Amino acid sequence: MLFSHKILHWYAQNKRTLPWRTTRNPYNIWLSEVILQQTKVAQGTPYYLKFTDTFPTIQDLASAPQEKVLKLWQGLGYYSRARNLHEAAKFIVSNLDGKFPESYKELIKLKGIGDYTASAIASICFNAQEAVVDGNVYRVLSRYFGVDIPINSTEGVKYFKKLAVELLDKENTRDYNQGIMEFGAIQCTPKNPDCISCPLKNSCVALEKNMVSGLPIKIKKTKIKKRYFNYIIPIIKDSFTVLNQRTGKGIWQGLWQFPLIELAKEASLNEVEKEATALLNINASLHVYKDVAIVHKLSHQHLYTKFWILETTQEIDNMVKIEELEKYPVPVLIADFIKTYKF
DNA sequence: AAATCGGGGCT
DNA sequence: AGCCCAGATTT
């Protein structure tokens, strides 16, 4: 049997019931695909439901303030996805008369839509003959064909895309694409795949050569940097605090946070007080919230973070009511503090 | 070609 | 501690 037919057959019997599998509306499929970029189904699903509930149409999303979009995205990470999603929605409504593009060529022009997402939307919504290559596809193909080219090398990206194009089912690309991804997620898993019960076990090169656990090959990532964050938590007249929006480059663009003092290493009370006095232009007397730094781990950085409480009656720029803290989109690190600390 | 961008779950 | 996740974009 053809590889694509084996996948289609497996998919018909094993596919999960998922909220975005009941529609071919490109707006809904687009939402699901962007939410699921580098994100597991279990983590993304509640966000898909929130977004489709809050913004049923692309017009609803386009007309929302960015603040509201980011707040709904809070906790999901990779916040450029939310900003690009919002920008693309506004573009489609304003410049394309609200009509969603239907071809790979047009889809990939939109912000936040790359090769994978353009192929996914074109095939799932319109059954276009476009091959998706996500993490699942890399794993399935590298194992089944015994390919040891690194999947994140230039050669690997090209090689696996070509292979995926050759393999795809031209009659039912829609289900084939979803099928090979689902197969990777359920059957051909990264760790401890169930090869004994696999429908492809008789023709899998990696299984034959006992290479399953060693594939796919991936070039190792760069090392993690340590950063030292000191957040100043002003408590002004028992009812106000201060938030600033992160702008420019780097992490958490567009999200809000307390006044931040970043230093080269963990600092003493005196040093942080000195910096806080300069930053906020008031005479700062601090006490630390927790003596041991909280380590917030991101993909490329570990943030060693301390929160310092500053009680004062003086007014400071960018004051916000403490009761309104919950309205602002904030990083998980800040959300966890707000939840834990009793203002 | 390499670095950057989050957060969570599993081993 | 390291790896992976329905990747895209910037440097």
Side-chain angles (χ1 to χ4, degrees), chain A residues 11 15-16 18-21 29-48 70 73-85 87-88 107-121 123-124 130-140 150-158 160-161 164 174 176-186 188-193 213-214 216-225 227 246 248-255 295-303 329-336:
Chain A
Y11 183 59
K15 70 173 174 182
R16 291 168 289 183
L18 298 171
W20 48 89
R21 289 204 169 139
I29 298 300
W30 172 52
L31 268 180
S32 75
E33 291 299 342
V34 174
I35 286 170
L36 292 173
Q37 287 168 4
Q38 293 294 289
T39 304
K40 291 195 167 108
V41 166
Q43 188 187 3
T45 298
Y47 286 84
Y48 174 80
L70 281 175
W73 199 272
Q74 180 179 310
L76 197 55
Y78 285 162
Y79 297 94
S80 65
R81 291 184 291 172
R83 299 193 305 270
N84 289 335
L85 191 77
E87 272 204 54
L107 286 162
I108 204 167
K109 292 178 182 172
L110 298 172
K111 284 202 174 182
I113 296 189
D115 177 75
Y116 164 78
T117 306
S119 303
I121 296 171
S123 63
I124 294 173
E130 304 287 351
V132 295
V133 185
D134 74 332
N136 294 305
V137 175
Y138 280 122
R139 187 168 56 256
V140 172
I151 60 173
N152 56 341
S153 65
T154 302
E155 185 193 1
V157 170
K158 209 174 143 191
F160 284 99
K161 179 71 182 187
R174 167 183 292 131
Y176 168 77
N177 272 343
Q178 295 181 83
I180 190 170
M181 292 191 283
E182 189 83 335
F183 183 80
I186 304 293
C188 193
T189 50
K191 300 281 173 61
N192 307 319
S213 64
I217 304 285
K218 199 168 185 177
I219 299 167
K220 64 175 185 296
K221 61 170 168 48
T222 54
K223 80 184 245 296
I224 292 166
K225 288 175 187 166
R227 300 175 71 179
R246 290 185 67 95
K249 302 194 298 184
I251 59 174
W252 301 334
Q253 275 178 53
L255 303 195
V295 187
H296 189 73
K297 297 178 178 181
L298 307 179
S299 309
H300 291 78
Q301 1 182 334
H302 286 182
L303 309 178
V330 298
V332 166
L333 175 63
I334 301 298
D336 285 347

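Computation of the quantities below employed the complete heavy-atom set of this structure, encompassing side-chain atoms and omitting hydrogens, waters and symmetry-equivalent molecules. Each chain gets a letter, A, B and so on, in the order the sequences are listed, and its residues count up from 1. Here the structure is a predicted model, which is why all the values come from computation and not from measurement.
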Check your understanding: What does A:N177 touch in the nucleic acid at a heavy-atom separation under 4.0 angstrom: a base, only the sugar-phosphate, or nothing?
Key -> nothing

Review point. Would the number of heavy atoms belonging to other residues, nucleotides or ligands and lying under 6.0 Å from NZ of A:K111 be above 12?
Key: no

Check your understanding: Expressed as a whole number of Å, how far does the P atom of B:dG8 sit from that of C:dA8?
Key -> 22 Å

**Study point:** Interface limits on DNA chain C, where chain A has a heavy atom under 4.0 Å of a nucleotide atom
**Key:** C:dC3 to C:dT11

Point to revise | A:E33: partners by side chain to side chain donor-acceptor pair (under 3.5 Å), with sequence neighbours left out | key: A:Y116

Exercise for review: For A:S32, answer base if it contacts any base atom (sugar-phosphate contacts may also be present), sugar-phosphate if it contacts only those atoms, and nothing otherwise; contact means non-hydrogen atoms under 4.0 Å.
Suggested key: nothing

Point to revise | Option passing side-chain contact (heavy atoms from CB on, under 4.5 Å) with A:V34 (candidates A:N84, A:T39, A:I29, A:L85) | key: A:L85

Check your understanding: Residues two or more places apart in sequence or in another chain: which of them pass side chain to side chain contact (heavy atoms under 4.5 Å, CB included) with A:E182?
Key -> A:W10, A:Y11, A:K15, A:R16, A:R21, A:I186

Review point. Contact class for A:W73 (heavy atom, under 4.0 Å): base, sugar-phosphate, or nothing?
Key: nothing

**Study point:** Ring centroid separation A:Y79 to A:W252 under 6.0 Å
**Key:** no

Practice item. Would you give a per-nucleotide map of nucleotides 2-11 of chain B, 5' to 3', where B means the base has a protein non-hydrogen atom under 4.0 Å away, S means only the sugar-phosphate does, and - means neither? Key: -SBBBBB---

Point to revise | Residue list, side chain to side chain contact (heavy atoms under 4.5 Å, CB included) with A:P193, at least two apart or on another chain | key: A:R143, A:T189, A:C195, A:V212

Check your understanding: What's the verdict on side chain to side chain contact (heavy atoms under 4.5 Å, CB included) for A:D336 and A:H296, showing C-alpha distance, side-chain angles and the deciding distance?
Key -> CA-CA 11 Å; A:D336 285 347; A:H296 189 73; 5.6 Å; no

Exercise for review: Could you tell me which residues satisfy side chain to side chain contact (heavy atoms under 4.5 Å, CB included) with A:P150, sequence neighbours excluded, listed by chain and number?
Suggested key: A:N152, A:S153, A:I217, A:I219

Exercise for review: Provide the distance between the two C1' atoms, one in C:dA6 and one in B:dA3, to the nearest whole Å.
Suggested key: 23 Å

